[in-house]
Participant: 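Following this message is one structure expressed as structure tokens.
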Amino acid sequence: MSKRLDWIQEEINLLKESGLYNRIRTISSAQGPWLVVDGRRVLNFCSNNYLGLANHPEMVQRAKTYLEQYGVGPAAVRSIAGTLDLHLELEKRVAAFKGVEAAITFQSGYCANLATIPALVGKEDVIFSDELNHASIIDGSRLSGATIVRFAHADALDLARVIEENKPKYRRMLCITDGVFSMDGDLAPLDKIYEVTSANDVMLMVDDAHGEGVVGRGGRGIVDHYHLHGKVDIEIGTFSKAFGVVGGVAAGNALLVEWLRQRARAFLFSSAVTAADVAATIAAVDLLERSTELVDRLWENARYFKAEMKGLGFDTGLSQTPITPIMLGEAPLAQQFSRELFEEGVFAMAIGFPTVPRGKARIRVMVSAAHTRDDLDQGLEKFAKVGKKLGVV
Ligand SMILES: *Cc1c(COP(=O)(O)O)cnc(C)c1O
């Protein structure tokens with residue numbers, strides 16, 4: 001027997017011993033406030049389906065209609081075999097929704113970051129990156145070959161300091177930050193960041209994956225929240241969270257988007273999402289433009305849940321958005337908490353290193369517009385029960 005793969009078993013054993021091995025549960029139902037997970041009906045506090053759109057009848061119907069009309073596969077990359085009118089329509093609609101000049105869509109938010117960053121900067125350039133930025137920003141930045149300089153989390157003063165220090169050494173400069181930080185639910189101080197980047201002629205890019213459909217007027221996102229239209233050069237987004245489908249987008253300055261159509265490698269060398277996905281995403285934009293009802297309900301549910309959790313004595317961190325971390329400290333406690341909740345019929349995953357720093361393990365609760373007050377009360381009751389059992393509250 002060859003030993004060349006033995007190291008993998010050793011690494012896996014280490015993960016298991018430290019409570020960091022991820023056992024992925026199996027879902028066998030449509031997305032919604034309740035799911036069938038590993039054969040049990042459980043309350044869903046895990047998904048990023050903020051507005052309950054992933055299984056919305058209007059979206060499903062739209063996908064069906066276009067599935068019949070366009071078939072199942074895109075057949076080639078858009079830049080070689082021509083692009084579907086539907087993809088262009090979605091790009092126009094998303095740009096209008098966000099109040100920016102133009103947009104280009106990708107296969108996912110992850111792809112959007114991997115495509116966009118290397119198109120903007122290279123070896124002679126520098127990226128200023130918030131230290132808690134999402135993994136896809138980190139990966140896109142590494143792929144670009146640019147020097148990566150981290151600044152203290154959500155700290156525009158520290159950003160100014162690192163720009164000052166590094167400015168003379170590089171050709172181009174790009175600042176990247178998450179808009180809403182996905183593990184803590186706090187916001188980037190984008191207004192202050194813009195002051196610093198614009199004063200220094202630094203390109204500004206924000207990843208709005210957890211902001212669109214959630215913050216800003218009617219869910220128009222982080223740029224809208226801070227009234228920075230036309231000032232942020234490019235926003236990255238995903239259609240897999242509040243929009244309830246799948247796909248990614250880069251939206252903002254028209255010249256920059258035109259450049260991405262020429263140079264973004266995930267656009268040039270990988271096929272696009274299907275017509276059914278695109279049609280459903282357009283339906284999501286329709287729903288968001290028609291009414292703020294779902295976004296309002298999301299916030300109402302989130303405020304209620306957070307206030308009640310605090311009342312029970314839980315530490316819900318610094319979140320300014322519906323993302324609700326329940327801070328537990330060590331990873332094994334968070335994993336045990338999650339398992340006990342599951343036994344009680346509540347699906348809420350533990351999150352540990354490397355997704356969050358060591359010693360900051362947590363359960364992340366994702367409340368949605370689709371939860372009823374009764375759903376939330378049932379969840380609260382189970383959190384209280386498990387919290388007392390494990391000595392957390
Ligand atoms: C979820 C997320 C992504 C990835 O989006 P996908 O469409 O799932 O690939 C990118 N950036 C941030 C900040 C995210 O939270």
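Numbers here are sequence positions counted from 1. Indexing begins at 1, ligand by ligand and atom by atom, following the structure's order.
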Participant: Any idea how Phe239 and Phe243 line up, ring-wise: parallel (<30°), tilted (30 to 60°), or perpendicular (>60°)?
Facilitator: perpendicular
Participant: Any N or O of Cys111 that comes nearer than 3.5 Å to an N or O of ligand 1?
Facilitator: no
Participant: May I ask you to list the residues sharing a hydrophobic cluster with Met203, side-chain cutoff 4.5 Å, ordered by chain and number?
Facilitator: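 Direct or chained contacts put Met203 with Ile104, Phe106, Ile117, Leu120, Val121, Ile127, Ile137, Leu174, Ile176, Met205, Ile234, Ile236, Leu256, Val257, Trp259, Leu260, Phe267, Leu268, Phe269.
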Participant: For the pair Glu212 and Arg220, find out whether any cationic side-chain nitrogen is under 4.0 Å from an anionic carboxylate oxygen.
Facilitator: no
Participant: Examine Ser182 against ligand 1 and note whether any of their N/O atoms are separated by less than 3.5 Å.
Facilitator: no
Participant: Atoms of ligand 1 less than 4.0 Å from Thr238 heavy atoms?
Facilitator: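 Heavy-atom distances to Thr238 below 4.0 Å select 5 (O), 6 (P), 7 (O).
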Participant: Atom 8 (O) of ligand 1: which protein heavy atom is closest, and how many Å away?
Facilitator: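 Scanning the protein heavy atoms, the shortest distance from atom 8 (O) of ligand 1 goes to Ser240 OG, 3.3 Å.
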Participant: What atoms of ligand 1 come closer than 4.0 angstrom to any heavy atom of Ser108?
Facilitator: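 Taking each heavy atom of Ser108 in turn, ligand 1 has 7 (O), 9 (O) under 4.0 Å.
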Participant: Just which atoms of ligand 1 are under 4.0 Å from any heavy atom in Asp178?
Facilitator: 13 (C)
Participant: Are the side chains of Arg40 and Arg25 in touch, meaning some heavy atoms are under 4.5 Å apart?
Facilitator: no
Participant: Quick one: does Phe128's side chain get under 4.5 Å of Asn166's, heavy atoms only?
Facilitator: yes
Participant: May I ask you to identify the nearest protein heavy atom to atom 5 (O) of ligand 1, giving residue, atom name and distance to one decimal place in Å?
Facilitator: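 That would be Gly109 CA, 3.5 Å.
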Participant: Hey, does the Lys NZ or Arg CZ of Arg161 hover above the aromatic six-ring of Phe151, less than 6.0 Å from the centre and inside 45° of the axis?
Facilitator: no
Participant: Can you list the ligand 1 atoms lying under 4.0 Å from a non-hydrogen atom of Ala209?
Facilitator: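 Numbered from 1, ligand 1 contributes 2 (C), 11 (N), 12 (C), 13 (C), 14 (C), 15 (O).
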Participant: Can you find a pair of side-chain heavy atoms, one from Thr177 and one from Leu190, that are under 4.5 Å apart?
Facilitator: yes
Participant: Holding to ring-ring contact (aromatic ring centres under 6.0 Å, His included), I want the full list of residues that pass it with Phe383, two or more places apart in sequence or in another chain.
Facilitator: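 In terms of ring-ring contact (aromatic ring centres under 6.0 Å, His included), with neighbours along the sequence ignored, Phe383 is linked to Phe314, Phe337.
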Participant: Looking only at protein heavy atoms, identify the closest one to atom 10 (C) of ligand 1 and say how far it is in Å.
Facilitator: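 Going by distance alone, atom 10 (C) of ligand 1 is nearest to Ser136 OG, 3.3 Å.
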Participant: Are Phe342 and Phe347 side-chain neighbours, meaning at least one heavy-atom pair lies under 4.5 Å?
Facilitator: yes
Participant: Please report which non-hydrogen protein atom sits nearest to atom 14 (C) of ligand 1, along with the residue it belongs to and the distance in Å to one decimal place.
Facilitator: Lys241 NZ, 2.8 Å
Participant: With a cut-off of 4.0 Å, which atoms of ligand 1 are near a heavy atom of His210?
Facilitator: 15 (O)
Participant: What protein heavy atom is closest to atom 9 (O) of ligand 1, reported as residue, atom name and distance in Å?
Facilitator: Tyr110 N, 2.9 Å
Participant: Using a 4.0 Å cut-off to any heavy atom of Asp207, which atoms of ligand 1 qualify?
Facilitator: 10 (C), 11 (N), 12 (C), 13 (C)
